[in-house]
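In this text, all values refer to a predicted model and were calculated from it rather than measured experimentally. Order of the sequence lines fixes the chain letters, A, B, ..., with proteins taken first and strands second; residue numbering starts at 1 for each chain.
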Amino acid sequence: MTFRLATWNVNSLKVRLPHLLDWLGAERPDAVCLQETKVEDASFPLDAIRAAGYQAVFCGQKAYNGVAILARSALTGVTHGIPGFADDPKRVIAATVGGIRVVSLYAPNGQAVGSDKYAYKLRWYEALAAWTKDELAGDARLALAGDMNVAPEDRDVHDPKRWEGQIHVSELERTALRRVMEAGLVDAFRLFPQPDRSFSWWDYRLAAFRRDWGLRIDLVLLSRSLAARCRACTIDKAPRRLERPSDHAPVIAELQ
DNA sequence: ATGGTAGAAACTCTA
């Protein structure tokens, strides 16, 4: 029995709902973490998602941010945000599904290195690392999945020289992400051989997708016990090729 | 390759 866990920054659930429903129907993932839903809870398209065979928990706001978890089985123990980190933007929701603690994450973008938003991004990551340490105490089956807004290594960047020191790639951001992983998580994608130039996000501008000017910033991070069960992790570029796509592609990890 | 596009909302911000 396999369990397929996906993450997808949909950049407006309202606009992307047809793509999402088609993709759920085609891929039938067991659980999906969504980011940038940009929809208040009262407007969440729960009926359409239920009709597709999924339950949902969500935490959204108008215009910006917003996260959700969809699942084909029950979602229990739902929590919002990072404990002890006061934060207005809706970036974090967690639930237990299929015996796995699943966290849907939308990390701060950071805007520019050295900006106030960059400092906030680093603080957010520090809080995430502390929380992850707590969650991993004992034999935790924990999966953090989402738009981490950091490309972990140069091979996750289409042009590392051009991006050197820039937002998503700077050393402090990479260290901040590493601190989360050092709590005891592994990048599911790198458990397996992967094609060169594997990316999950391409800017809408400058025909970046056509030119494959991308970054891999959407990650599934697994605790050791889950990593041992992981049999594959792939990026599905198909939805990025559609008309009016999200700027992100979904990532799917398959657990045995 | 130093601009540009997309989304939401509202005459601009965020990514």
Exceeds 12 heavy-atom contacts within 6.0 angstrom, atom CZ of A:R231 =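 Atom CZ in A:R231 is packed in, count exceeds 12.
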Taking atom CD of A:Q55 as the centre, report whether more than 12 heavy atoms of other residues, nucleotides or ligands fall under 6.0 Å from it.
->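 Check passes, neighbour count above 12.
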Distance between the [atom1] atoms of [N] and [M], in whole angstroms?
N: B:dT2; M: B:dA15; atom1: P; result: 24 Å
N: B:dT5; M: B:dC11; atom1: P; result: 23 Å
N: B:dG4; M: B:dT14; atom1: C1'; result: 15 Å
N: B:dA1; M: B:dC13; atom1: C1'; result: 24 Å

Mind checking A:H248 for me? I need base, sugar-phosphate or nothing, with any heavy atom below 4.0 Å counting as a touch.
-> nothing
Would you classify A:Y106 as touching base, sugar-phosphate or nothing, given that sugar-phosphate means primed atoms plus P, OP1 and OP2, and contacts are heavy atoms under 4.0 Å?
-> sugar-phosphate
A:D236 versus A:W23, side-chain donor and acceptor atoms under 3.5 Å | yes
Given that A:A207 and A:P108 both sit by DNA chain B, which one's nearest nucleotide is further toward the 5' end?
->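 Its nearest nucleotide lies further toward 5', so the answer is A:A207.
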Quick one: on DNA chain B, does A:H158 or A:K14 contact a more 5' nucleotide (nearest heavy atom)?
->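 Checking each residue's closest nucleotide, the 5'-ward one belongs to A:H158.
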Earliest and latest nucleotide of DNA chain B, 5' to 3', sitting under 4.0 Å from a non-hydrogen atom of chain A?
-> B:dA1 to B:dA15
Please round to the nearest 0.5 Å and tell me the distance separating atom [atom1] of [X] and atom [atom2] of [Y].
X: A:K90; Y: A:F58; atom1: NZ; atom2: CZ; value: 13.0 Å
X: A:C233; Y: A:R4; atom1: SG; atom2: CZ; value: 11.0 Å
X: A:D218; Y: A:T7; atom1: CG; atom2: OG1; value: 6.0 Å

Those residues of residues 57-64 of chain A lying under 4.0 Å from DNA chain B by at least one heavy atom |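 Heavy-atom contacts with DNA chain B come from A:K62, A:A63, A:Y64.
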Quick one: do A:E164 and A:K161 make a salt bridge, cutoff under 4.0 Å?
-> no
Where A:N149 and A:A107 come nearest, the two heavy atoms and their spacing |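 Scanning both residues completely, I find the closest heavy atoms to be ND2-O, 2.9 Å.
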